[in-house]
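Below: the structure, in C-alpha cells.
Read the numbers this way: they start at 1 and go in the same order the structure lists the ligands and their atoms. This one's a predicted model, so the numbers in the text were calculated from it and none came from an experiment.
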Amino acid sequence: MRIVIIGPGALGCLFAARLGLGGHHVRLLDHTPQRAALLAEQGVFFEEDGMRHHLAVPVTADPATLADTELLLLCVKAYAVRDALARVQAHWPPDALLLAFQNGIAHLDPLGSLPPSCRWGLGITTEGANLRAPGQVRHGGHGVTRLGFVEAPGDEARQQLVAAAAAFQGAGLAAEVVGDIRQSLWQKLLVNVGINALTALYDCPNGALLTIPAARERLIAAVEEAALIARAQDIAIPADPVAITLAVCRDTAANLSSMLQDVRQKRRTEITAINGAVVAIGERLGIPTPVNRELTDAIQALEQGVA
Ligand code: KPL
C-alpha cells in the first residue's frame with residue numbers, strides 16, 4: 001500500500017517504521033523543511049522489544065508529492081490539524097482515505113469541514129511511542145488500533161478501511177475496524193481527561209495519581225463530569241469510566257503522560273482538545289464542568305509560564 005504519514009512525531013515515526021518494515025511504500029510529510037531534510041538524510045531509528053532497526057524513509061515538506069497515495073495517516077498534534085489539512089487539501093489524491101490519530105475531540109471540527117471529496121475516518125490507538133530525538137522512536141508498549149468512520153461510509157470507503165486495518169495487522173500492529181468510532185474516541189478521551197492534566201500539574205507519573213488523595217479525588221470528579229457530557233450526547237461509554245481510568249493509572253504506572261512530557265519540554269499541550277473540549281460542550285449543553293474548567297485554566301497558566 002502507498003502510505004503517507006503526516007507528522008513525524010512519536011506516533012508518526014512508529015507507524016512509518018512498522019508499516020515500512022511490513023513491506024509498504026511509506027513516506028513522511030513534515031511541515032518543517034529543515035527537519036524533513038534531516039530525517040530524509042538520517043532515516044528513522046526504531047527500537048522495539050530490545051531490537052534496533054534503521055529504515056531509510058523518504059521525507060518531504062512538499063504536499064504536492066502526495067499524488068499517488070492510497071492512505072494518509074494524520075499524526076500531528078490536535079492543535080495542528082487545521083493547518084495540516086489546509087496544506088494537504090489542495091493535493092488530496094483522488095479516492096485516498098485519510099485516518100486521523102489525535103487525542104481528544106477537537107479535531108472533529110476541522111475534519112468535519114472538509115469537502116465531501118476528501119474521504120476521512122478516525123484512528124484510536126493505545127500503542128505506546130516515545131520519541132527520543134527527531135526520527136528516533138521507541139515502541140513503548142504494544143496496544144490496539146481501532147479504525148472507523150463518524151458517518152456511515154459508502155462501500156468503497158468501507159473496503160479502504162478494511163484494507164488499512166489489514167495493512168496494520170500485516171505490519172505487526174493489532175488493528176480492528178469498529179462500527180461506532182465515537183465510542184472508542186470518548187473512551188480514550190475519558191481516560192485522558194482523568195490522567196493527562198493532573199499528571200502535568202502534580203508533575204508525576206500516571207501511577208502516582210492513585211496515591212495522592214487530592215489528585216485521585218480530582219481525577220474521579222473530572223471523569224464523572226466528562227461521562228455526564230458523553231451520556232447527554234447519547235454516546236455509549238463504559239458503565240464505570242472512573243474504574244477504567246484508575247486501571248489505566250495502574251497499568252501505565254511508570255509512564256509519563258503525553259501532557260506531562262509536553263509541559264516538561266515547554267511545548268504547547270493538548271489541553272483544549274481534552275479537558276477544554278469537555279468544558280466547551282458542557283457550556284453548549286448547559287451542564288457545569290467546574291473541575292475540567294479548573295484543570296484547563298491551570299494547564300493554560302502553566303503553558304504561559306505564570307503558574
Ligand atoms: O494516552 C495517554 C497519554 O499519556 O496521552 C495515557 C493513556 C494517559 C498514557 O499515558
Side-chain angles (χ1 to χ4, degrees), residues 7 9-15 74-81 100-107 122-132 137-146 173-174 181 183-212 215-216 218-227 230 237-238 240-278 291-292 295-296 298-299 302-303:
L11 190 62
C13 285
L14 169 68
F15 285 166
L74 183 63
C75 297
V76 300
K77 291 276 196 182
Y79 50 75
V81 167
F101 288 84
Q102 279 69 39
N103 274 333
I105 48 176
H107 53 303
L122 298 179
I124 314 292
T125 189
T126 54
E127 296 290 351
N130 303 305
L131 200 65
R132 296 186 182 288
V137 67
R138 193 176 72 86
H139 198 173
H142 295 267
V144 181
T145 299
R146 297 193 167 84
L173 295 164
I181 195 73
Q183 209 172 314
S184 310
L185 187 70
W186 273 81
Q187 278 181 23
K188 178 140 195 250
L189 174 70
L190 291 171
V191 169
N192 292 137
V193 156
I195 297 179
N196 291 32
L198 285 165
T199 49
L201 293 175
Y202 287 89
D203 193 30
C204 67
N206 297 351
L209 297 179
L210 299 169
T211 57
I212 305 169
R216 189 184 171 111
R218 291 166 90 189
L219 175 155
I220 293 170
V223 174
E224 282 175 347
E225 281 179 10
I237 54 164
D240 194 347
V242 168
I244 290 176
T245 309
L246 295 174
V248 173
C249 288
R250 264 192 304 279
D251 294 344
T252 63
N255 197 56
L256 302 183
S257 79
S258 52
M259 197 172 290
L260 173 56
Q261 292 181 50
D262 287 340
V263 166
R264 284 193 179 171
Q265 307 286 322
K266 305 208 182 313
R267 288 190 298 247
R268 183 172 170 186
T269 74
E270 294 186 302
I271 191 71
T272 53
I274 302 177
N275 307 77
V278 170
V291 178
N292 280 284
L295 294 176
T296 304
I299 293 292
L302 267 186
E303 282 179 329

What I want to check is whether the side chains of Asn196 and Ser257 have a donor and an acceptor closer together than 3.5 Å. no

Quick one: which ligand 1 atoms are inside 4.0 Å of a heavy atom on Ser257? 4 (O), 10 (O)

Shortest protein heavy-atom distance from atom 2 (C) of ligand 1, along with the residue and atom involved: Asn192 ND2, 3.3 Å

Which of the numbered atoms in ligand 1 are under 4.0 angstrom from any heavy atom belonging to Asn103? 5 (O)

Distance to 0.1 Å, residue and atom name: give those for the protein heavy atom nearest to atom 10 (O) of ligand 1. Asn255 ND2, 2.7 Å

At what distance is the nearest protein heavy atom to atom 3 (C) of ligand 1, and which residue and atom is it? Ser258 OG, 3.4 Å

Closest approach of any protein heavy atom to atom 8 (C) of ligand 1, naming residue and atom: Asn196 OD1, 3.3 Å

Hydrogens and angles aside, do Thr269 and Glu303 bring a side-chain donor and acceptor to less than 3.5 Å of each other? yes

Below a 4.0 angstrom heavy-atom separation, can you tell me which part of Asn206, side chain or backbone, both or neither, approaches ligand 1? side chain

Does any part of the side chain of Asp262, heavy atoms only, come nearer than 4.5 Å to the side chain of Arg268, both counted from C-beta? no

Would you check if there is a donor-acceptor pair between the side chains of Glu127 and His142 at a distance under 3.5 Å? no

Residue pair Ala226 / Trp186: nearest heavy atoms and the distance that separates them: O-CZ3, 3.7 Å

Can you find a heavy atom in the side chain of Ile237 that is under 4.5 Å from one in the side chain of Gln183? no

